[in-house]
Amino acid sequence: MSNLAWIFVSAVLVNNFTLSYFLGLCPFFGVSSRLETAFRLGLANIFVMVITSVCAWSLETLVLPHAPYLRLISFIVVIASTVQFVEMVIKKLSPALFKALGIYLPLITTNCGILGLALFQTSRGYGFFEGLVFAVGAGMGMTLALVLMAGLREEAELSDVPKVARGIALNLIIAGMLAMAFQGFAGLFGSAA
Amino acid sequence: MVSVAKTLQLRTSPHVTSGASVDLIMRHVVWALVPTALFGVYAFGLTAAVTLSAALASCLLAEWLLCKWSEQPSTLSDWSVAVTGLLYGLTLPPGLPVWMTMLGGFIAVGLGKHLFGGLGYNPFNPALVGRAVMQAAFPVGMTTWHAAFGSGRFSSVPSSLFTFPFAAPEYTDALTSATPLAAWKFEHNLAAASDLVMGFTTGSTGETSAVLILLGGAYLAARKMMNWRIPLSIFVTVAVLTFALHLASPEAYPTAPFMLLSGGLMLGAVFMATDMVASPMTTLGVVIYGALIGVLTVTIRLWGGMPEGVMYAILLANAVAPHIDRLVRPTVYGTSGRKA
């Protein structure tokens, strides 16, 4: 399998950010109660992931060789402000797109999934295109997890769930079961990491 | 007034039913599983009997306790938990320590079923939830297989069976052997199809004999107690995919009969994927659902890290089932669009 395809499959299924690395769980639990919103959050995730990847790559090649100790702080600041800036541009240019995605952007910008992507990308030494594929894959993996979770949560809402388990407890257990099901993909196409 | 009440009965619909009820159907599922379970005991000896009894007992006990604690009427008598317990036991390797078996049984019924509100609400097949937890928690125990038809199987049991709770079991290599799928994956050994049909191979307690599982499935299908389209869709997908792959590269991929008959595909497709609650509702829906299970099974088996993927395929398809139902929602009568 070619390297790019391998990175993609690995990010979507094998090392799913949500269900295998357990990153970005706050929006995962916060916005998965309705399928519609969960799907849009997923799209916003892909969008932010791509921006993150580009930012992290530029920082890593242009700035960080001169000041490696600034890696964490510069990732956080640059990614967050770029996303905020893009958000403002979208708001000005396309109010419809802003309505669909914009409200989720601040929610995702500062979460661990985003920082995780930037750090994984640099520590694995991905180039520009590898990083882009990785970002799209990771975002799509999160979308997949969100959509599956939302479907199950909408079903559970109609069920006679015992009082002790209602709410976040049940959601955590559903997420755990999903994560177990995703374990089946472990080692797909001979992937180890 | 009393005599009037006898002739004039006030009831809401439905007025004509087929007489099917939860306990009737579940009882028939148990009967359909009996030949498979008996063959498991015959093939693996006392060990399988102990594993099956422990699985069944732990599920029944969990159901009884949870009904009692939640102050609901006991649902022990509707046979559904017996089906869960039996299926769970049949997916376990014989020789799994009894304490592990019972722990998984409690998880299957407690987390897989009662946490979601009991019968009729489980999003995943409860027996597979129990097994998946076991697979994640005790990977060694769950993949140590005892050879079938051992000579002393009715007089002695392996010492691993009665390991002290929370202690790791010890296995002797002389007793263990590889399943057909593991043998193909790691040693490139293809088992004979005839052995797989009859069940002369090793594996989980109830997955070895394809012919008995199909017999049970045919019985349920004939009595209209199981949606036969689900297993058919799974079998067709797996057969077509494997046939094409085998044609393209006979060296790298096994034959279609081997893929169909080995591992837990038969048991999973006939008895697990057909869980009435966790599978989609419409005919088109179950065909898509079956095809998804088939594709995932082939993917995990051929390219994944594990030799067997049926359990994960069914769990993933269970998670997708609500979306399949949403996508193939029938049009409301009298309207033209999908949105009524």
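Since this is a predicted model, take the numbers as computed values, not measurements.
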J.: Applying side chain to side chain donor-acceptor pair (under 3.5 Å), can you list everything that pairs with Thr91(B), at least two apart in sequence or on another chain?
T.: none

J.: For chain A, which residues from residues 102-112 of chain B lie under 4.5 Å away (heavy-atom distances)?
T.: Leu111(B), Gly112(B)

J.: For residues 55-72 of chain A, dump all side-chain donor-acceptor pairs below 3.5 Å to protein atoms at least two apart in sequence or in another chain.
T.:
from     : atom 1 : to       : atom 2 : distance (Å)
Ser58(A) : OG     : Val54(A) : O      : 2.5
Glu60(A) : OE1    : Arg71(A) : NE     : 3.4
Glu60(A) : OE2    : Arg71(A) : NH2    : 2.9
Thr61(A) : OG1    : Trp57(A) : O      : 2.7
Thr61(A) : OG1    : Ser58(A) : O      : 3.3

J.: Please look at Leu148(A) and chain B and tell me whether the side chain, the backbone, both or neither of the residue comes under 4.5 angstrom of a heavy atom of that chain.
T.: both

J.: Among Ala165(A), Gly184(A), Gly176(A), which residue forms the greatest number of heavy-atom pairs with chain B at distances under 4.5 Å?
T.: Gly184(A)

J.: With a 4.5 angstrom heavy-atom cut-off, could you sort out which part of Gln135(B) is near chain A: side chain, backbone, both or neither?
T.: neither

J.: Take a 6.0 Å sphere around CE of Met140(A) and say whether it holds more than 12 heavy atoms from other residues, nucleotides or ligands.
T.: no

J.: Using non-hydrogen atoms only, which part of Glu155(A) is less than 4.5 Å away from chain B: side chain, backbone, both, or neither?
T.: side chain

J.: Taking all heavy atoms of Arg326(B) and all of Glu154(A), pick out the closest pair and write down the distance.
T.: NH2-OE1, 2.5 Å

J.: With a strict 4.5 Å heavy-atom criterion, list every residue of residues 114-126 of chain B that contacts chain A, or say none.
T.: His114(B), Leu115(B), Phe116(B), Gly117(B), Tyr121(B), Pro123(B), Phe124(B)

J.: When heavy-atom pairs shorter than 4.5 Å are enumerated against chain B, which of Ile174(A), Leu158(A), Val147(A) gives the highest number?
T.: Val147(A)

J.: Given heavy-atom pairs under 4.5 angstrom as the criterion, report whether the side chain, backbone, both or neither of Leu302(B) touches chain A.
T.: neither

J.: Is there a side-chain contact between Asp160(A) and Gln72(B) in this structure, where contact means two heavy atoms from C-beta onward sitting under 4.5 Å apart?
T.: yes

J.: Count the heavy atoms belonging to other residues, nucleotides or ligands that lie under 6.0 Å from CZ of Phe39(A), then report whether that count exceeds 12.
T.: no

J.: Would you name the heavy atoms of His323(B) and Leu35(A) that are closest together and state the gap between them?
T.: CE1-CD1, 3.3 Å

J.: If you look at every heavy atom in Leu315(B) and Ala181(A), which pair is closest and at what distance?
T.: CB-CB, 3.8 Å

J.: Just how far is it from atom CG of Leu316(B) to atom CZ of Phe185(A), taken to the nearest 0.5 Å?
T.: 5.0 Å

J.: Give me the atom names and distance for the closest heavy-atom approach of Tyr312(B) to Gln183(A).
T.: OH-OE1, 3.8 Å

